[in-house]
Amino acid sequence: MVVGTGGDGVDDRDDDRPLTIGAFAARARLSAKALRLYDRMGLLVPDHVDEVTGYRYYRTGQIERARLVALLRQLDMPLARVADVVRADGPGGAELLDAYWSEVEARVAGQRTLADYLRGRLSGRGSAMSRKFVVETVDVPGQVVISETRHTLADELPAWIGASLGRLEEAARECGGVTAAPFVVYHSEVSTESDGPAESCVPVADEAAARAWCEERGRAWQTRVRVEPARRLAYTRITKAQVAHPQILAAFEAVEEWIAARGLTVAGPCREVYFADWEASGPGDPVCDVAFPLG
């Protein structure tokens with residue numbers, strides 16, 4: 001029985017002689033081009049570089065690390081994260097891999113929703129696909145909100161929403177506390193090409209305290225206080241995985257179709273209402289209502 005081989009019939013433990021980049025690439029099942037890239041990134045550095053010829057030489061003992069890099073790349077893991085995994089100790093690397101794969105699964109779950117919706121539109125079954133989203137209405141009383149507005153593209157939006165709502169919720173502690181779920185209003189389209197603006201809003205109890213806070217400390221973030229009128233909203237509830245752009249667009253379109261099918265009218269900009277603890281929620285947990293005000 002042959003042990004310690006990498007599938008090429010050669011025992012990786014039999015010696016540690018220098019290998020040319022071509023020989024090492026063949027043993028590691030990587031291209032010479034990939035090895036040069038990994039060298040530049042400090043991910044897989046040659047054991048020796050000839051000062052005269054510039055030839056790279058590797059050790060047989062580096063083959064295991066090279067194959068690990070190749071396998072991680074087959075998961076479409078970015079090189080920077082591959083570097084983090086291979087540099088970590090065994091259990092630490094496994095934890096980093098778990099974190100990456102959780103992100104992949106969340107993204108795929110959301111993309112599956114969008115693909116189902118688009119499949120329905122392309123096949124002429126759009127209305128049937130819309131029924132996958134349960135649309136309801138709710139009456140929301142008038143409320144005082146402390147808000148922050150920004151022009152932002154879709155790729156910057158999630159980070160800004162998290163940061164701005166965090167700032168506003170901290171400010172709300174000095175304004176009588178948060179009285180209802182925070183929400184984000186889209187005054188114009190936010191996409192990869194359109195930058196809104198979007199407005200993060202946190203309902204607060206004390207309007208006078210909120211205005212005083214904005215006057216004293218809110219200028220750096222263009223924070224303001226306004227009164228949000230009572231509204232009836234048509235909304236659908238979505239999971240954390242479905243919040244990502246462009247998956248969330250299917251939910252917005254489903255609510256719009258529901259409104260049009262009933263002869264109702266939209267009476268204001270659309271919004272996302274965040275009612276759950278984002279950090280504690282998993283990809284399949286409901287976290288957000290996608291809503292339109294009704295006339």
Side-chain angles (χ1 to χ4, degrees), residues 2-112 114-115 152-163 190-193 195 240-241 243-248 279 283:
V2 178
V3 295
T5 66
D8 52 10
V10 179
D11 191 338
D12 291 344
R13 304 170 302 175
D14 59 1
D15 60 58
D16 208 21
R17 291 175 298 178
L19 297 172
T20 65
I21 190 171
F24 185 79
R27 295 281 296 277
R29 296 191 288 275
L30 287 167
S31 68
K33 180 180 179 181
L35 288 174
R36 294 187 185 96
L37 173 61
Y38 300 161
D39 180 13
R40 290 197 299 273
M41 294 189 65
L43 182 58
L44 189 62
V45 179
D47 182 58
H48 172 68
V49 178
D50 189 288
E51 294 182 358
V52 177
T53 64
Y55 290 166
R56 294 170 167 87
Y57 294 92
Y58 294 82
R59 291 180 291 102
T60 305
Q62 293 179 281
I63 290 175
E64 182 178 354
R65 180 176 179 135
R67 289 175 177 165
L68 175 59
V69 171
L71 290 170
L72 291 170
R73 288 293 288 158
Q74 289 183 33
L75 296 177
D76 292 328
M77 182 180 285
L79 282 171
R81 298 188 71 164
V82 170
D84 291 338
V85 172
V86 299
R87 288 169 185 159
D89 291 333
E95 291 177 4
L96 292 173
L97 175 58
D98 285 344
Y100 169 74
W101 197 248
S102 293
E103 294 173 15
V104 172
E105 289 180 326
R107 183 176 68 250
V108 171
Q111 289 173 331
R112 185 179 298 113
L114 178 61
T152 178
L153 297 173
D155 59 345
E156 303 166 339
L157 183 64
W160 175 74
I161 288 177
V190 174
S191 66
T192 55
E193 299 177 346
D195 65 353
K240 185 175 181 177
V243 168
H245 188 277
Q247 294 87 272
I248 196 171
E279 295 300 330

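These values consider heavy atoms only, across backbone and side chains, with no hydrogens, waters or symmetry-generated copies.
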Can you list everything that forms a side-chain contact (heavy atoms from CB on, under 4.5 Å) with [X]? Sequence neighbours excluded, please.
X	result
V85	L72, M77, L96
A106	P283
A70	L30
A244	Q247

What I'd like to find out is whether the side chain of D76 reaches to under 4.5 Å of the side chain of Y100, using heavy atoms alone.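 Yes, close enough: below the 4.5 Å cut-off.
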Considering only residues two or more places apart or on different chains, which pairs with a residue in residues 77-86 satisfy salt bridge (charged side-chain N to carboxylate O under 4.0 Å, His left out)?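 Those involving residues 77-86 are R81-E103.
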Any idea which heavy atoms bring I21 and Y58 closest together, and the distance?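 Minimum heavy-atom contact is CG1-CE1, 4.0 Å.
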Please find the pair of heavy atoms, one from V86 and one from R65, that lie closest to each other, and give the distance.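 Smallest interatomic distance, heavy atoms only, reads CG2-NH2, 3.7 Å.
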Residues in side-chain hydrogen bond (donor to acceptor under 3.5 Å, both in side chains) with E105, at least two apart?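 Residues passing side-chain hydrogen bond (donor to acceptor under 3.5 Å, both in side chains) with E105: W101.
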side-chain hydrogen bond (donor to acceptor under 3.5 Å, both in side chains) against T192, all qualifying residues, sequence neighbours excluded: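 By the side-chain hydrogen bond (donor to acceptor under 3.5 Å, both in side chains) rule, T192 matches no residue at all.
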Between R59 and H48, is there a donor-acceptor pair closer than 3.5 Å when you use the side chain of the first and the backbone of the second?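 Such a contact is absent between R59 side chain and H48 backbone.
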Check whether any side-chain N or O of R87 sits under 3.5 Å from a backbone N or O of G93 as a donor-acceptor pair, and report yes or no.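 Judged by distance alone, no pair lies under 3.5 Å.
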Without placing hydrogens or testing angles, list every side-chain donor-acceptor pair under 3.5 Å for residues 34-42, not counting sequence neighbours.
{"unit_1": "D39", "atom_1": "OD2", "unit_2": "R56", "atom_2": "NE", "d": "2.9"}
{"unit_1": "D39", "atom_1": "OD2", "unit_2": "R56", "atom_2": "NH2", "d": "3.4"}

